[in-house]
Amino acid sequence: MANLWYKNAIVYCVDVKSFMDANGDGTGDFVGLADRLDHLERLGVTCIWLNPFYPSPRRDNGYDISDYYGIDPALGTLGDFVEFIEAAKDRGMRVIVDLVVNHTSDQHPWFQASRADPNSPYRDWYVWRDEKPDNITDGIVFPGVQKATWTYDRTAKAWYMHRFYKFQPDLNTANPAVRQEILKIMGFWLALGVSGFRVDAVPFLIEPRGVLTDKPVVDPHAMLTEIHDFLSWRKAEAILLAEANISYEEAPDYFAAGDRMTMVFDFVGNQQLFLSLARKTAAPLRRSLAARPDPQGMGQWAVFLRNHDELNLGNLTEQEREQCFAAFGPDPDMQIYDRGLRRRLASMFDGDETRLKMAFSLLLALPGTPVIWYGDEIGMGEDLALPEREAVRTPMQWSPGHNGGFSEAPKDELVRPAIDSGKFGYHHINAAMQTQHRNSFFHAIADMVSARRSSPEIGWGGVDIVDVGDDELLVLSSHWRGNRVITAHNFAGTPKSFHLADEGIEELMPMLTDSPTGPIKGDGEISLSAFGYCWLRCNGERR
Ligand code: GLC
């Protein structure tokens with residue numbers, strides 16, 4: 001089915017308020033984003049994922065929504081949104097948006113009505129208990145910051161449940177009226193032209209509220225089927241991309257071969273990837289790739305290096321996590337929630353372009369659909385002076401000019417400070433300087449994106465992990481419809497070489513390499529520099 005567009009997509013995540021401020025009020029907006037689509041086009045992006053841009057008190061970066069049917073006024077109007085969608089479409093880019101319906105802001109009128117009156121039709125839209133529940137500290141998501149998962153509300157004279165911060169009361173998704181409203185929200189944004197949703201916090205969303213409210217438990221995954229069915233009736237090409245930090249055993253229930261979630265972020269693989277990078281060996285990643293279930297049918301894994309949250313290493317053993325911390329974030333201030341790092345990719349590698357390019361090449365070579373966090377394509381760093389995960393959400397660095405070209409507003413009026421000092425400051429790291437120079441980091445990444453877009457084998461096909469007898473190398477053979485691409489990545493800091501034992505290969509054509517002399521030496525030997533990579537197109541039958 002050639003129209004499964006997401007299988008060969010390059011997804012780029014943008015926080016609109018930090019991307020480009022067109023009206024000079026200090027906050028990024030939709031007009032600014034539409035103006036900067038040329039940057040995304042140059043990079044080769046085909047799908048933009050927008051972090052929440054809805055009206056919100058913004059106590060959790062907009063993941064605390066107070067109106068699902070509008071735009072945060074500082075970011076623009078619904079008109080600006082539609083203009084942006086059209087501008088993206090003109091450039092062949094689709095747009096997906098965050099669907100955050102596990103919880104609302106406590107400022108949402110539904111919650112205000114729910115807490116104010118036990119007889120309100122909205123009372124049952126949230127999860128209330130008259131008595132203090134047992135173990136109100138169970139299941140905390142943000143340890144060290146969040147105190148409980150149930151909080152007493154004086155107005156309601158009852159306890160409400162909140163998986164996340166206390167200003168984010170959980171919606172009661174066991175309530176059919178709530179489920180109906182979720183579909184209505186989806187229908188609204190689909191009608192405005194989006195091509196699907198990144199679904200926030202899916203394991204919590206489907207957590208059986210019945211257990212909590214003493215009502216019978218329904219199949220928790222049924223809700224995902226319901227959402228998917230609705231989506232495909234409204235817009236056949238639309239997709240659901242699940243944020244679900246789940247084990248590989250649980251994944252088939254989320255995918256149902258693409259009949260529930262079209263894509264699921266591979267959090268397990270992401271952690272093994274960073275463990276491999278920290279240990280300078282491919283072994284952990286190779287093992288997890290081998291164990292990763294095939295999503296089947298229309299399903300697809302989404303792969304990523306960094307995103308707008310912390311690098312969550314919570315599934316590693318303590319010793320493994322300590323190795324990652326030692327390699328990528330030794331300072332306690334870089335660590336967060338006892339499990340992660342609030343750092344960007346480039347600073348984790350101290351700006352080492354060799355290792356950064358290898359990491360990006362790997363991202364694009366892995367089976368699945370790659371998702372890039374804005375700014376990582378130019379090697380931006382973080383601002384640890386900002387609280388929690390805000391550190392990685394600083395304004396896009398466009399130029400060496402005022403506020404890094406992000407906004408004309410006075411510096412102290414910016415939505416978040418732009419990074420203006422140190423080696424990751426906008427004087428050194430910015431899009432304008434890099435797009436001008438053909439040998440810049442940005443162009444290297446854009447070349448990789450282009451290689452990936454011309455290798456549908458990787459997004460569409462199957463993959464074999466090729467054993468070349470060296471744990472420090474990851475060699476993948478991606479095949480689809482009789483075509484094949486081989487990618488090789490060297491996790492070690494020493495040069496390496498290997499042979500492909502496959503006799504079916506008649507010719508290897510280098511597509512991408514970090515080596516100026518090319519990766520193929522005499523007698524078929526393939527050589528990689530320290531932390532090197534290469535992509536080879538194969539002619540000949542796969543045996
Ligand atoms: C998801 C988001 C995160 C947010 C949380 C609560 O994990 O990625 O940024 O804080 O949900 O909505």
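Counting convention: from 1, in listed order, for ligands and their atoms alike. When reading the values below, keep in mind they use all heavy atoms of this one structure, side chains included, and skip hydrogens, waters and symmetry mates.
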Exercise for the section: Decide, yes or no, whether a salt bridge links Arg343 with Glu382 under the criterion of side-chain N to carboxylate O below 4.0 Å. Expected result: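 Result for this pair is yes, salt bridge flagged.
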Problem - All side chain to side chain contact (heavy atoms under 4.5 Å, CB included) counterparts of Asp333, not counting sequence neighbours - result: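 Scan of Asp333 (side chain to side chain contact (heavy atoms under 4.5 Å, CB included), adjacent residues dropped) gives Asp331, Arg342, Leu384.
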Completion exercise
Close residues (non-hydrogen atom under 4.0 angstrom from ligand 1) work out to Asp60, Tyr63, His103, Phe142, Phe164, Arg198, Asp200, Glu243, His308, Asp309, Arg389, Arg393
Handout entry: Spatial distance of atom OG (Ser195) from atom CG (Leu231) [nearest 0.5 Å]
Key = 10.0 Å
Handout entry: Which atom of Ser276 lies closest to which atom of Pro284, heavy atoms considered
Key = OG-CD, 3.3 Å
Practice task
Among residues two or more places apart or on two chains, list those pairs meeting side-chain hydrogen bond (donor to acceptor under 3.5 Å, both in side chains) that have a residue in residues 364-374.
Solution key: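 side-chain hydrogen bond (donor to acceptor under 3.5 Å, both in side chains) check on residues 364-374 returns Gln300-Thr369.
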Exercise for the section: Please identify each residue that fulfils ring pair (Phe, Tyr, Trp, His ring centres under 6.0 Å) with Phe406, with sequence neighbours left out. Expected result: none
